[in-house]
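Encoded as C-alpha cells, the structure appears first; notes follow it.
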Amino acid sequence: MLEDAFVTRKLIAGNWKMNGSLEANEALLRAVLAGLPAEPAADVAVCVPAPYLAQVQALCQGGPVAWGAQDVSAHERGAFTGEVSAAMLRDFGCRYVIVGHSERRQYHGETDEVVAAKAQRALAAGITPIVCVGETEAQRDAGETELVVKRQLAAVIHALGHCVGEIVVAYEPVWAIGTGRTATPEQAQAVHAVLRAQLRAAVAGQRRVRILYGGSMNAGNAAALLAQPDIDGGLIGGASLKADEFLRIVAAAG
Ligand code: 13P
C-alpha cells in the first residue's frame, strides 16, 4: 500500500505514570542514554510527570530520547486550577503527550469528547498526541472490544478530520495494564487491524499512523508483539522504569 511506504520506524514510549523523583529520574535517564546506540533502530520517548519536564528536557536535549507529558488540558488557557496547557508543554520541548489513558478515563471521568478535545489542543501546539483506546475485561467478555475501540477512535477522527494522520494511537486493553496479563500477539494484532482499517478510511492517501500496543509489555514479550504487521511500537508502563528492561524493548523494536 502507498501509505505503508511512509512507515519508517517503530516508536517505543515509556509512560512513567506517577512514579519518579529527581534522583531516580536522573539515574534512569542516564542509564537509558548510556545504553542506547547513537542511532537507535526505533524512536524512543519517555512521558513523565509534569513537574519533571524541565529536568527531563535538560537531560535529554539533543539526544536520541524524546520526551512528553501524560495529560494535557482540553482548554487553551485560563481559570482551570491544576491544569497544564498544551502551550506550557510546548515551552518544555514536549514532542508527545498521552491523552485518554484508561486511568484518566476511569479515575477522572474523561469522555471520548474530552479526549478528542485534548488531542486537538496538543496538535494545535505542535505536539503529537498519543491517543489511548482499549476495552475493559467486561467489555471483552461481552464481545464489545471492536465496538468500544472504534467508538473511542471515532470521536478523535470526528474532531480532527484528516489531521488524525498526525496522531499516534495506542491500543491498551485495560485488563492488560499493570496486571502482567499481556494480550497475545494475535489478540493485539486483531484489534490493531480494526484500528488500522478505521484510520485508513479516515486518512486515505496520507502516511501510516503509528499504532502502539500497551499493557504489560516487557523485554520477554516485546519481540513477538512488535513482529505483528500492525503493531508499530509500544507504550510501556512498569517496564519503562527499569533501564535494562526498557533498553531491551527498544532493541526488540529494531
Ligand atoms: P504496564 O506496562 O505497566 O502494564 O502499563 C501499560 C500502560 O498503561 C502504558 O500506558
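Both counts, for ligands and for their atoms, begin at 1 and track the order of listing. Just the heavy atoms: all of them, side chains too, but no hydrogens, waters or symmetry mates, feed the values below. All residue numbers refer to positions in the sequence shown, counting from 1.
By the side-chain hydrogen bond (donor to acceptor under 3.5 Å, both in side chains) test, Arg30 is found to be paired with Glu26, residues two or more places apart in sequence or in another chain being considered. Asn25 pairs by the side-chain hydrogen bond (donor to acceptor under 3.5 Å, both in side chains) definition with Gln55, not counting sequence neighbours.
Pairs engaging residues 93-131 under the ring pair (Phe, Tyr, Trp, His ring centres under 6.0 Å) rule: none recorded [sequence neighbours left out].
Relative ring orientation between Tyr171 and His192 is described as perpendicular, the plane-to-plane angle rising above 60° on a 0-90° scale split at 30° and 60°.
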Write none if no such pair exists; otherwise list each N/O atom of ligand 1 with its protein N/O partner under 3.5 Å and the distance.
residue: ligand 1; atom: 2 (O); partner: Ser216; partner atom: N; Å: 3.4
residue: ligand 1; atom: 2 (O); partner: Gly237; partner atom: N; Å: 2.9
residue: ligand 1; atom: 3 (O); partner: Gly238; partner atom: N; Å: 2.8
residue: ligand 1; atom: 4 (O); partner: Gly178; partner atom: N; Å: 2.6
residue: ligand 1; atom: 4 (O); partner: Ser216; partner atom: N; Å: 2.7
residue: ligand 1; atom: 5 (O); partner: Lys17; partner atom: NZ; Å: 3.3
residue: ligand 1; atom: 8 (O); partner: Lys17; partner atom: NZ; Å: 2.8
residue: ligand 1; atom: 8 (O); partner: His101; partner atom: NE2; Å: 2.8
residue: ligand 1; atom: 8 (O); partner: Glu172; partner atom: OE1; Å: 3.4
residue: ligand 1; atom: 10 (O); partner: Asn15; partner atom: ND2; Å: 3.0
residue: ligand 1; atom: 10 (O); partner: His101; partner atom: NE2; Å: 3.0
residue: ligand 1; atom: 10 (O); partner: Glu172; partner atom: OE1; Å: 3.2
residue: ligand 1; atom: 10 (O); partner: Glu172; partner atom: OE2; Å: 2.8

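Here Arg9 does not pair with Asp232 in a salt bridge; the nearest charged N to carboxylate O distance is not below 4.0 Å. In this structure, Lys118 pairs ionically with Asp71, as a charged nitrogen and a carboxylate oxygen lie closer than 4.0 Å.
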